[in-house]
Amino acid sequence: MGGGMEANKNRFIEDWSTARENLEHNFRWTRRNLALVGIFGLAIPILVYKGIVREFHMQDEDAGRPYRKFL
């Protein structure tokens with residue numbers, strides 16, 4: 001009924017999908033990877049946390065309450 005309708009494979013897409021499937025086997029730690037982990041895994045979350053805590057402290061100060069303790 002639906003015979004003779006084979007799809008042509010795109011070599012570039014097949015190469016990309018093979019690389020994605022084997023990423024954990026081919027991964028290497030480099031200076032660039034360490035820098036990205038440091039920035040997005042440590043620095044940005046810490047800065048976001050500090051900003052949130054500062055905002056809460058400003059609200060507490062405006063309302064005349066003592067600062068709340070976090071962590």
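Given the structure is predicted, the values throughout are model-derived calculations rather than measurements. Residue numbers run from 1 in the order of the sequence given.
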When the side chains of residues 44-54 are checked against the rest of the protein, which donor-acceptor pairs come out under 3.5 Å, sequence neighbours left out?
none

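- T18 is linked by a side chain to side chain contact (heavy atoms under 4.5 Å, CB included) to N22, counting only residues two or more places apart in sequence or in another chain.
- For residues 8-19, the set of pairs meeting the salt bridge (charged side-chain N to carboxylate O under 4.0 Å, His left out) definition, not counting sequence neighbours, is empty.
- Every residue two or more places apart in sequence or in another chain was checked for a side chain to side chain contact (heavy atoms under 4.5 Å, CB included) with E21, and none qualifies.
- With sequence neighbours left out, the side chain to side chain contact (heavy atoms under 4.5 Å, CB included) criterion links R32 to T30, L36.
- Here E55 pairs with M58, Q59 under the side chain to side chain contact (heavy atoms under 4.5 Å, CB included) rule; sequence neighbours left out.
- Annotation for I13: hydrophobic cluster partners, listed by chain and number, are none (ILVMFWY side-chain heavy atoms under 4.5 Å, direct or chained).
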Counting only pairs under 3.5 Å, give me each side-chain donor-acceptor contact of residues 61-71, with atom names and distances, residues two or more places apart or in other chains.
| from | atom 1 | to | atom 2 | distance (Å) |
| --- | --- | --- | --- | --- |
| E61 | OE1 | Y67 | OH | 3.0 |
| R65 | NE | D60 | OD1 | 3.3 |
| R65 | NH2 | D60 | OD1 | 3.0 |
| R68 | NE | D60 | OD1 | 3.3 |
| R68 | NE | D60 | OD2 | 3.2 |
| R68 | NH2 | D60 | OD1 | 3.0 |

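- Listed for the N33 side chain is a donor-acceptor partner under 3.5 Å among the backbone atoms of R28.
- Among residues two or more places apart in sequence or in another chain, the ring-ring contact (aromatic ring centres under 6.0 Å, His included) test is passed with F27 by W29.
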